[in-house]
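Every heavy atom of this structure was used, including side-chain atoms; hydrogens, water molecules and symmetry mates were not. Please read these numbers as outputs of a predicted model, since none were measured by experiment.
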Amino acid sequence: MPSVNKARTFYVSSKNNTGVRVDSEVNVVFIQTNDNRTTTEFGTGIDYLDDVIADLHEASGSTPTSPVYDYEIAMLIENARATTVIVRDTVDTYKRPVVVTTTMSPPPMTASTPSPSPLTMAAPPTTLRSPTPSRPS
C-alpha cells in the first residue's frame, strides 16, 4: 500500500522496498472529484502528503492486508528528490439521477367531449424592406 515514512521516502508499494525520496518541503497538489464537482487543494510537507494518502486509503476501506485504492500519482523530480507530488483521486462519488420519461395521452373522446377547434394557419412571413433612398436630381 502506498505510504510515506519519516525518512522521507514515498513507497508506491509495500510489497517491495522501491520508493522515491521526497523533499522535506514537498509541494502537494490534491485533485478530487465528488458529486461531479472537481476541487484542487494545495499543501506543503511530508505530513500533508502522508495525510492525503492516508485519507484516500481510509475512505476506500483499504487495509495493509487488503489494499484498495484508486488514484494516480505524478511527481516532479529534481536532484533525485520529489519536489512536487500530484495526487488525483479517480473515484467520483457522483450518482447520475435516474430520468423517468412518461408519455401523456389525451383523454378519450366521448359524446359529451367537445371536438377541438380547427387550427388556424398563420399568415406567411412578410419580408420587410427599407425604402430606397431617393437620389437628388
Are V20 and I86 grouped together when hydrophobic residues (ILVMFWY) are joined by side-chain heavy atoms under 4.5 angstrom apart? no
From the list I31, V29, L56, side chain to side chain contact (heavy atoms under 4.5 Å, CB included) partner of V87 resolves to L56
Out of the candidates N27, V26, V22, only one should pair with T84 under the side chain to side chain contact (heavy atoms under 4.5 Å, CB included) rule; please name it. N27
With rounding to the nearest 0.5 angstrom, report the [atom1] to [atom2] distance, [X] to [Y].
| X | Y | atom1 | atom2 | answer |
| --- | --- | --- | --- | --- |
| L49 | F30 | CG | CZ | 11.0 Å |
| T83 | D23 | OG1 | CG | 6.5 Å |
| R21 | I77 | CZ | CD1 | 12.0 Å |

What pairs of donor and acceptor atoms, side-chain ones from residues 38-46 against any protein atom, are under 3.5 angstrom apart with sequence neighbours left out?
from	atom 1	to	atom 2	distance (Å)
T38	OG1	T33	OG1	2.8
T39	OG1	Q32	O	3.4
E41	OE1	Y48	OH	3.4

Who passes salt bridge (Lys or Arg N to Asp or Glu O under 4.0 Å) against E25, sequence neighbours left out? none
